[in-house]
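We count ligands from 1, going down the list as the structure has it; atoms in each ligand are counted the same way. Scope of the values below: all heavy atoms of this structure, side chains included, with no hydrogens, waters or symmetry mates. Every value quoted in this text rests on a predicted model; they were computed, and no experiment measured them.
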Amino acid sequence: MTERSYNDQRFEEISENIKVIRENVAAGAEKSGRKPEDIKIMAVTKTVDPIFINHAIDNCGIDLIGENRVQEYFSKKDTLHLDRCDVHLIGHLQTNKVKQIVPEVSMIQSVDSIRLAEEIGKTASKLGKTMEVLVEINIGNEDSKFGIDQSELSEFICRISEISGVKVKGLMTIPPFEEKNSALERFFLDMYRFFIDIRSKKIDNVDMDILSMGMSGDYYEAIINGSNLVRIGSSMFGKRIY
Ligand SMILES: *Cc1c(COP(=O)(O)O)cnc(C)c1O
């Protein structure tokens, strides 16, 4: 196959995938008593060639992308059509990369330590901006995953609310891999309860607006359990090739 026709075929696949994702999101929204537009679809773009990301932005209405690694983002950013699209960092962030990424993104979804939040706040303040962040929770208490423990959540939120230059906008999680949907849904429901519980406390400088959960394999379950931002990679762009 020529390169041209290979790309055309992938463009078509991506368009079709996004159409299906929108239908499923709409069904989940309806099932949970919401409107399709209440749920934000993020395109997760790690390892994806910018021409395919730009296709999703230019032709499929994608206006939010999530990148995992600071270095990979910088290698792509000049070719991305970011005038029409927001970028969130969704991967683990090391404090020594904070200065580079804070000016670039509209949200950091992966805040998992006070030290990191302080570093983000310091950098953002110097730039005269406030960085919106989500607190990442390790809902399955897995050793292999980043995120704070649920038992620390209340105290963590209170401490982070006092850091200037940072504003908490909600919660994010990557749940454990589960064979059974019922097990997975319990994690999503726990997240939703934390989200509602913290929101009801009306903490200064904390807006519980965003509950970021649900990926390619489980976004429907996440939505019916209260997610309002789904992060979708492989079922949009195809299997990742590392
Ligand atoms: C890769 C990734 C996703 C998307 O995963 P898919 O299963 O490909 O949809 C979502 N969130 C985070 C944090 C990721 O790293």
Side-chain angles (χ1 to χ4, degrees), residues 10 13-25 28 39-50 52-53 55-57 60 62-76 80 85-94 97 101 104-113 116 120 132-140 142 144-148 169-179 181 183-185 187-188 191 195 210-242:
R10 272 202 69 187
E13 281 165 10
I14 291 164
S15 300
E16 180 58 28
N17 291 344
I18 292 175
K19 208 177 116 214
V20 170
I21 290 164
R22 285 194 199 288
E23 287 166 4
N24 293 336
V25 166
I39 290 136
K40 190 82 197 164
I41 298 172
M42 164 189 278
V44 175
T45 49
K46 58 178 177 261
T47 78
V48 180
D49 188 309
F52 301 119
I53 304 170
H55 170 72
I57 296 170
C60 310
I62 290 296
D63 60 4
L64 176 63
I65 64 170
E67 276 284 344
N68 284 67
R69 291 203 184 81
V70 173
Q71 204 176 347
E72 182 180 338
Y73 167 72
F74 274 94
S75 74
K76 289 177 182 169
L80 292 175
C85 188
D86 274 343
V87 184
H88 291 180
L89 186 80
I90 59 172
H92 180 65
L93 178 59
Q94 291 168 307
K97 300 266 169 64
I101 201 69
E104 297 289 330
V105 297
S106 60
M107 189 177 287
I108 296 174
Q109 292 206 359
S110 43
V111 170
D112 59 0
S113 76
L116 177 61
I120 293 169
E132 296 189 340
V133 303
L134 303 184
V135 174
E136 181 172 357
I137 302 181
N138 182 358
I139 195 68
E142 295 171 284
S144 60
K145 290 239 170 85
F146 293 107
I148 65 160
K169 294 294 285 180
L171 306 177
M172 183 270 242
T173 198
I174 307 170
F177 176 79
E178 292 286 351
E179 298 282 347
N181 275 353
L184 195 57
E185 289 197 45
F187 291 123
F188 290 144
M191 285 294 295
F195 179 70
I210 299 176
L211 181 56
S212 171
M213 58 186 193
M215 315 200 297
S216 287
D218 58 17
Y219 64 93
Y220 181 80
E221 287 75 18
I223 291 169
I224 63 174
N225 288 287
S227 167
N228 60 17
L229 192 159
V230 290
R231 308 180 309 264
I232 302 183
S234 48
S235 68
M236 189 177 294
F237 295 109
K239 204 162 171 286
R240 278 183 290 279
I241 302 154
Y242 287 93

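The single protein non-hydrogen atom nearest to atom 9 (O) of ligand 1 is Ser216 OG, 2.5 Å, given as residue, atom name and distance. At the shortest separation from atom 10 (C) of ligand 1 among protein heavy atoms lies Met215 SD, 3.1 Å. Of all protein heavy atoms, the one closest to atom 14 (C) of ligand 1 is Lys46 NZ, 2.9 Å. Among all non-hydrogen protein atoms, the one lying nearest atom 12 (C) of ligand 1 is Ile90 CD1, 3.6 Å.
Listed by number with element, the atoms of ligand 1 under 4.0 Å from a non-hydrogen atom of Arg231 are 4 (C), 9 (O), 10 (C), 11 (N), 12 (C), 13 (C). The distance from ligand 1 to the heavy atoms of Ile232 drops below 4.0 Å at these ligand atoms: 9 (O). Near Gly233, the atoms of ligand 1 lying under 4.0 angstrom from a non-hydrogen atom of the residue are 4 (C), 6 (P), 8 (O), 9 (O). Here is the list of ligand 1 atoms found below 4.0 Å of a heavy atom in Ser234: 6 (P), 7 (O), 8 (O), 9 (O). Residue contact check: Ile174 has heavy atoms under 4.0 Å from atoms 13 (C) of ligand 1. Close approach of ligand 1 to Asn68 is summarised as follows: ligand atoms under 4.0 Å from at least one heavy atom of the residue are 14 (C), 15 (O).
Proximity of Ile139 to Lys145: side-chain heavy atoms (C-beta onward) are nowhere separated by under 4.5 Å. With a 4.5 Å cut-off on side-chain heavy atoms, Glu178 and Asp218 do not count as touching. In this structure, Leu64 and Leu229 have side chains that are in contact, with non-hydrogen atoms separated by less than 4.5 Å.
Residue contacts with ligand 1: Gln109 is excluded, as none of its non-hydrogen atoms falls under 4.0 Å.
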Exercise for the section: Please step through side-chain contact (heavy atoms from CB on, under 4.5 Å) for the pair Glu185 and Ile224, ending with a clear verdict. Expected result: CA-CA 9 Å; Glu185 289 197 45; Ile224 63 174; 4.1 Å; yes
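Atom CZ of Arg22 has more than 12 heavy atoms from other residues, nucleotides or ligands within 6.0 Å.
Considering all non-hydrogen atoms of both residues, Thr45 and Glu72 come closest at O-OE2, 3.8 Å. In terms of heavy atoms, Glu142 sits closest to Pro176 at OE1-CA, 3.4 Å.
Heavy atoms of Arg240 found under 4.0 angstrom from ligand 1 belong exclusively to the side chain.
Rounded to the nearest 0.5 angstrom, Ser110 OG and Leu93 CG are separated by 6.0 Å.
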